[in-house]
Each structure stands twice: as C-alpha cells, then as structure tokens.
Amino acid sequence: MNRATTATPRPARTHQDPGTPPRRLLRGLPWLVLRQQRLTIALTLLLAAGLTWYAVHTADAALAFLDRRDIAPCPPGEGCRLPTEFADRFQVPLRGLTFGLSFLPVLAGVFLGAPLFATELESGTHRLVLAQSTTRTRWFLAKAIPPVLLALVTTVPVAWAAGRWREVVLDHAGTYAVWYDWGSFNATGPVPTARTLLLVAVGIALGLLLRRTITAMGASLLVGGAVFAAWEKARPYLGQVITVQGTPRHIGVPDDAWVRDSSFLTTSGARVQVPDACFLRDQNAYEACLRDHDITRYWAEYHPPGHFPALQQVESATCLALAALALAFSWWWTRTRLH
C-alpha cells in the first residue's frame, strides 16, 4: 500500500556557508578605490585628529591659565596687555598653528587630488576598469568622492578647534590681538574647508589633463601657491568698507580696524602724503606743518572686526563655486575626452 509522504520543509539557513566569501559593506569598484587609498585616508584622518586634539587641549589650557590669574575678557574696543607667559605659551603657538594650517589645502591638492587619476592614467590601468561594465561616470564618482568627503570630515573639526583657540586670545587681548591676520582667515571658519575642496578639485583636473603623477603634483603646487597669493591680495576687496574723514588730530578710525586704504587730503580734495619733516615735531608743530602744506583732512577706508564672518563667507562661496566648476570639467573630460 502506498503511503502519502509529506515533505518536511528545510529550515532556513541562519549562517553563512563556510565556502561563501564574506559580505562587505562596499563591493566592486567603491571597495577597490577605498582599498587603493586606504593608507592616504588613514594618515589624513590621524593628522586631523591630532591637530584637533592639540588645538582643543591648548585652548582649554589657556582658559585655565586665565582663570587661575583672574584675568577677565577685555572690554570691547580696548586693548589689554596679557602676561608674557601667556604670549609665549598660547599666542605664539597659535600663530604657528594657523601658519601651518594655511598651507594644508595646498598639500591636499598635491597629495590627494593630483595623483588620484594621474597614477592610473600614467600606468594605463584605467583601461582595464573602463573595459568592464563600469561606466565612466561611475568610475569618476567612485574615485572623486572619497577625497572630497575626506576634505570635509578633516578640515571642519580642525578649523573649529583653531577658531576656538583664536577666540580665547581675541577675547582677552582685545585690540592688541590682530583679528585680520592671514592665519586667522586661512585656518578658521569655512575658508579652510572651501579652499581645500577647491585645490583638491583643481588637482583632480590637472591629473586628468597632464596624465603624469609628478607633473600633476608639481602643477598643483604652483596653482595652490597662486591661489593662496591671489586671495591675500583680493581679500580686502571682498566686501563693503566703511569710509570716514577726519582731522589730523581726530582721525576717526578705531584701533582694531583693518585699514584698506588711507590718505591725507588737501582743501581741494587731492590725496597727498605727509612730508617727512612734519613727523619730526611735537603735536602743535606737526599740525602747523600740515597747514603749511594745505593738508586739512584725513580719509580712510576700513573693515571693522564685525566684517570678518562676511569676508570669510564671500571667499568660501567663491572657492566652492570654482571647485564645482573644476569637478564638472573633470567629469566632462572623463566622459568625452579620456582615452
């Protein structure tokens, strides 16, 4: 007699077979690109973490130093002389940090951007990737996105930490600390991130165009230096200035102002320089000397400290727009001209 048999369902597998390769969060091309760049990514993250910790730790130490000596923040518009020990321990290292951070975007363009595509183009390995089912756009994005994200996650915390340290010094030194020095502009706020993205994007474009790693790195270094110098010249003209006119005795420019341009004026409004002989006299004789040369007024254009965020925002927005153009050009070149 035939007996009906009922098939017993096989239990679902709850574990991976030993012969199956382990699953990865990233597969294929993204995993390959990250594996190729893993050393650069690790070193960059380590450097950023170290700089952030150093800036935060030193800012906390500066605050503790001021608290122990009961040194209050300086009143607005005034200058406060801080102990020499504070300057040696906290102000001089701050200048060194901002000086070094100012050049990190240039190094990012040289070592992150320029070799990214140039290395593969020089060796010809890009043809192996493009011969597969991978599209040129996907290959470009897989290569370009990691350094862009790396620039974001490393520069933002470092710039924040350096800015916090800078604020401690400015709050307690007042007008004796210069707020418009190039290190403050280049190493704090949004400028380091925007400039790093720009120079990484320019490095990528140069690598695609020149197809030689060392040549592209050298060109990125030159372009980075040119960008640095250009911003230093253009920065005073990025925003509206305050224009004042005063007498030689009462000039009318705050002590903490960043003077963009100034001159003495005659009664006709002509801009003139004060003769050297006038400076060698006391105040009354100095004013009499100016009258003898028909100098009656003083004219100046300046930025107050409140313009600092606006100047940084204009510079950052310009850098981001140029970075987007450079990346768009590189994507177009990869799709249409790369062979």
Validation: residues 81-95 side-chain donor-acceptor distances under 3.5 Å, sequence neighbours left out:
{"unit_1": "Glu85", "atom_1": "OE1", "unit_2": "Arg69", "atom_2": "NH2", "d": "3.4"}
{"unit_1": "Glu85", "atom_1": "OE2", "unit_2": "Arg89", "atom_2": "NH1", "d": "3.3"}

Heavy-atom donor-acceptor pair, Arg297 side chain to Phe264 backbone, under 3.5 Å = no
remark   = Here the gap from Leu66 atom CG to His172 atom NE2, rounded to the nearest 0.5 Å, amounts to 4.5 Å
note = So OG1 of Thr296 and NE2 of His293: to nearest 0.5 Å the spacing works out to 14.0 Å
Indicate every side-chain donor-acceptor pair of residues 106-120 with a distance under 3.5 Å to a residue at least two apart or in another chain.
{"unit_1": "Thr119", "atom_1": "OG1", "unit_2": "Pro115", "atom_2": "O", "d": "2.9"}
{"unit_1": "Thr119", "atom_1": "OG1", "unit_2": "Thr213", "atom_2": "OG1", "d": "3.4"}
{"unit_1": "Glu120", "atom_1": "OE2", "unit_2": "Lys143", "atom_2": "NZ", "d": "2.7"}

Return a table of donor-acceptor pairs under 3.5 angstrom between the side chains of residues 186-204 and protein atoms on other chains or two or more places apart.
{"unit_1": "Asn186", "atom_1": "OD1", "unit_2": "Arg195", "atom_2": "NH1", "d": "3.3"}
{"unit_1": "Asn186", "atom_1": "OD1", "unit_2": "Arg195", "atom_2": "NH2", "d": "3.1"}
{"unit_1": "Asn186", "atom_1": "OD1", "unit_2": "Arg235", "atom_2": "NH2", "d": "2.9"}
{"unit_1": "Asn186", "atom_1": "ND2", "unit_2": "Trp182", "atom_2": "O", "d": "3.0"}
{"unit_1": "Asn186", "atom_1": "ND2", "unit_2": "Glu232", "atom_2": "OE2", "d": "3.2"}
{"unit_1": "Thr188", "atom_1": "OG1", "unit_2": "Ser184", "atom_2": "O", "d": "2.5"}
{"unit_1": "Thr193", "atom_1": "OG1", "unit_2": "Thr155", "atom_2": "OG1", "d": "2.8"}
{"unit_1": "Arg195", "atom_1": "NH2", "unit_2": "Glu315", "atom_2": "OE2", "d": "2.5"}
{"unit_1": "Thr196", "atom_1": "OG1", "unit_2": "Pro192", "atom_2": "O", "d": "2.6"}

Assigning hydrophobic clusters by single linkage (Ile, Leu, Val, Met, Phe, Trp, Tyr; side-chain heavy-atom cutoff under 4.5 Å), is [X] placed with [Y]?
X	Y	result
Phe103	Leu101	no
Leu152	Val158	no
Trp333	Leu322	no
Phe228	Leu222	no
Val156	Leu149	no

task = Kindly determine whether Tyr176 and Cys74 satisfy side chain to side chain contact (heavy atoms under 4.5 Å, CB included), including the steps that lead there.
result = CA-CA 10 Å; Tyr176 287 165; Cys74 195; over 6 Å; no
inquiry  = Students often mix this up, so state it plainly: with edges at 30° and 60°, are the rings of His303 and His307 parallel, tilted or perpendicular?
reply    = perpendicular
task = For the pair Phe308 and Trp179, name the ring-plane relationship: parallel under 30°, tilted 30 to 60°, perpendicular over 60°.
result = perpendicular
task = Kindly determine whether Thr137 and Thr135 satisfy side-chain hydrogen bond (donor to acceptor under 3.5 Å, both in side chains), including the steps that lead there.
result = CA-CA 5 Å; Thr137 296; Thr135 64; 5.1 Å; no
message = Applying side chain to side chain contact (heavy atoms under 4.5 Å, CB included) to Leu43 and Arg38, what does each step give before you reach the verdict?
response = CA-CA 9 Å; Leu43 292 177; Arg38 64 186 184 277; over 6 Å; no
inquiry  = What verdict does the side chain to side chain contact (heavy atoms under 4.5 Å, CB included) test give for Thr175 and Glu78, after you've listed the backbone C-alpha separation in whole Å, the side-chain angles of each residue and the deciding distance to 0.1 Å?
reply    = CA-CA 6 Å; Thr175 58; Glu78 298 183 12; 5.6 Å; no
request  = Not counting sequence neighbours, which residues clear side chain to side chain contact (heavy atoms under 4.5 Å, CB included) with Ala321? List them please.
outcome  = none
query = Quick one: side chain to side chain contact (heavy atoms under 4.5 Å, CB included) partners of Val259, sequence neighbours excluded?
reply = Val253, Ser262, Tyr302
Ring centres under 6.0 angstrom apart (Tyr237, Trp258) = no
key: Listed once per pair and sorted, the side chain to side chain donor-acceptor pair (under 3.5 Å) pairs that draw on residues 45-61, sequence neighbours left out   = Asp60-Arg164
task = Could you go through the side chain to side chain contact (heavy atoms under 4.5 Å, CB included) check for Leu45 and Thr154 one step at a time?
result = CA-CA 6 Å; Leu45 290 174; Thr154 53; 3.8 Å; yes
Shortest non-hydrogen separation from Ala216 to Leu210 and the atoms involved = CA-CD1, 3.8 Å
query = What is the minimum heavy-atom distance between Ala55 and Trp165, and which atoms define it?
reply = CA-CE3, 4.0 Å
inquiry  = Less than 6.0 angstrom from the centroid, inside 45 degrees of the normal: does Arg136 satisfy that with respect to the ring of Trp139?
reply    = no
task = Step through the shown structure and confirm whether more than 12 heavy atoms of other residues, nucleotides or ligands are within 6.0 Å of CZ on Arg271.
result = yes
